[in-house]
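See structure below.
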Amino acid sequence: QVQLVESGGGSVQAGGSLRLSCAYSGITYRTNCMTWFRQAPGKEREGVAVIYTGAESTYYADSVKGRFTISRDKATNTVNLQMNNLKPEDTAMYYCAAPAAGLGYDLGLNPGSMDYWGTGTLVTVSS
């Protein structure tokens, strides 16, 4: 059984930093990537950052490039999202997700491609 558990959310002022973590279990070798998504009130869920577990390749949404960094700790089975220079528009519920099978590099940020989801952690950025 796959489990994804997010942590690290909170409230921060604009310009501040937060580090989100996703502890995962039950993921098999068929899953080749893990992704952070976010959803703000009244908006669609969007892919923020993805890491492909083979080559540790990473891809980011344009809105977070240069500010967010995704990484994976194989020793502790966690995927982290370091968020720096946070802006009020980063306010959202953040979710960790993974597919059941391998995805191409064009689908890693697509929420419709994911099979497993955590319950989310809330990030609030005030101006």
Kindly give the heavy-atom pair with the smallest separation between [X] and [Y], and that separation in Å.
| X | Y | answer |
| --- | --- | --- |
| T31 | T53 | O-OG1, 3.8 Å |
| P88 | A14 | CD-CB, 4.1 Å |
| G47 | A61 | O-CB, 3.4 Å |
| T121 | G9 | OG1-N, 3.0 Å |
| L81 | A49 | CD1-CB, 4.0 Å |

Please check if the side chain of T35 supplies one atom and the backbone of A97 the other of a donor-acceptor pair under 3.5 Å.
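Such a contact is absent between T35 side chain and A97 backbone.
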For I51, is there any backbone N or O sitting under 3.5 Å from a side-chain donor or acceptor partner on T58?
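Checking the backbone N and O of I51 against the side chain of T58, no donor-acceptor pair under 3.5 Å is found.
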Check whether any side-chain heavy atom of [X] lies under 4.5 Å from a side-chain heavy atom of [Y], and answer yes or no.
| X | Y | result |
| --- | --- | --- |
| V50 | M34 | no |
| W36 | E6 | yes |
| N80 | L20 | no |
| S113 | P99 | no |
| R72 | E56 | yes |
| E46 | R38 | yes |
| T124 | V12 | no |
| R19 | S71 | yes |

Within a 6.0 Å radius of atom CD on Q13, are there more than 12 heavy atoms belonging to other residues, nucleotides or ligands?
no
Once rounded to the nearest 0.5 Å, what's the spacing between atom [atom1] of [X] and atom [atom2] of [Y]?
| X | Y | atom1 | atom2 | value |
| --- | --- | --- | --- | --- |
| L18 | S11 | CG | OG | 8.5 Å |
| D115 | R30 | CG | CZ | 12.5 Å |
| R67 | T69 | CZ | OG1 | 11.0 Å |

Taking the six-membered ring for Trp, are F68 and Y60 ring centroids under 6.0 Å apart?
no
Please determine whether residues [X] and [Y] belong to a single hydrophobic cluster, defined as Ile, Leu, Val, Met, Phe, Trp and Tyr linked transitively by side-chain heavy-atom distances below 4.5 Å.
| X | Y | result |
| --- | --- | --- |
| I70 | Y94 | yes |
| M93 | L4 | no |
| V79 | V64 | yes |
| V2 | Y52 | no |
| Y24 | Y116 | yes |

Give a yes-or-no answer on whether the side chains of N84 and Q82 include a donor-acceptor pair shorter than 3.5 Å.
yes
Only one of V125, V123, L86 passes side-chain contact (heavy atoms from CB on, under 4.5 Å) with T91, and that residue is V125
What residues form a disulfide (SG to SG under 2.5 Å) with C96, not counting sequence neighbours?
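Residues passing disulfide (SG to SG under 2.5 Å) with C96: C22.
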Go through the steps for T78 and D73 under the test side-chain hydrogen bond (donor to acceptor under 3.5 Å, both in side chains), then give the verdict.
CA-CA 5 Å; T78 58; D73 186 330; 4.7 Å; no
Name all residues meeting the ring-ring contact (aromatic ring centres under 6.0 Å, His included) criterion together with F37; count only those two or more places apart in sequence or in a different chain, and write none if there are none.
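Only W117 meet the ring-ring contact (aromatic ring centres under 6.0 Å, His included) criterion with F37.
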Check whether NZ of the Lys or CZ of the Arg R45 lies under 6.0 Å from the centre of the six-membered ring of Y95 and within 45 degrees of that ring's axis.
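The answer is yes; both the distance and angle limits are met.
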Looking at D90 and K87, is there a salt bridge between them, counting it only when a charged N and a carboxylate O are closer than 4.0 Å?
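No, K87 and D90 are not salt-bridged.
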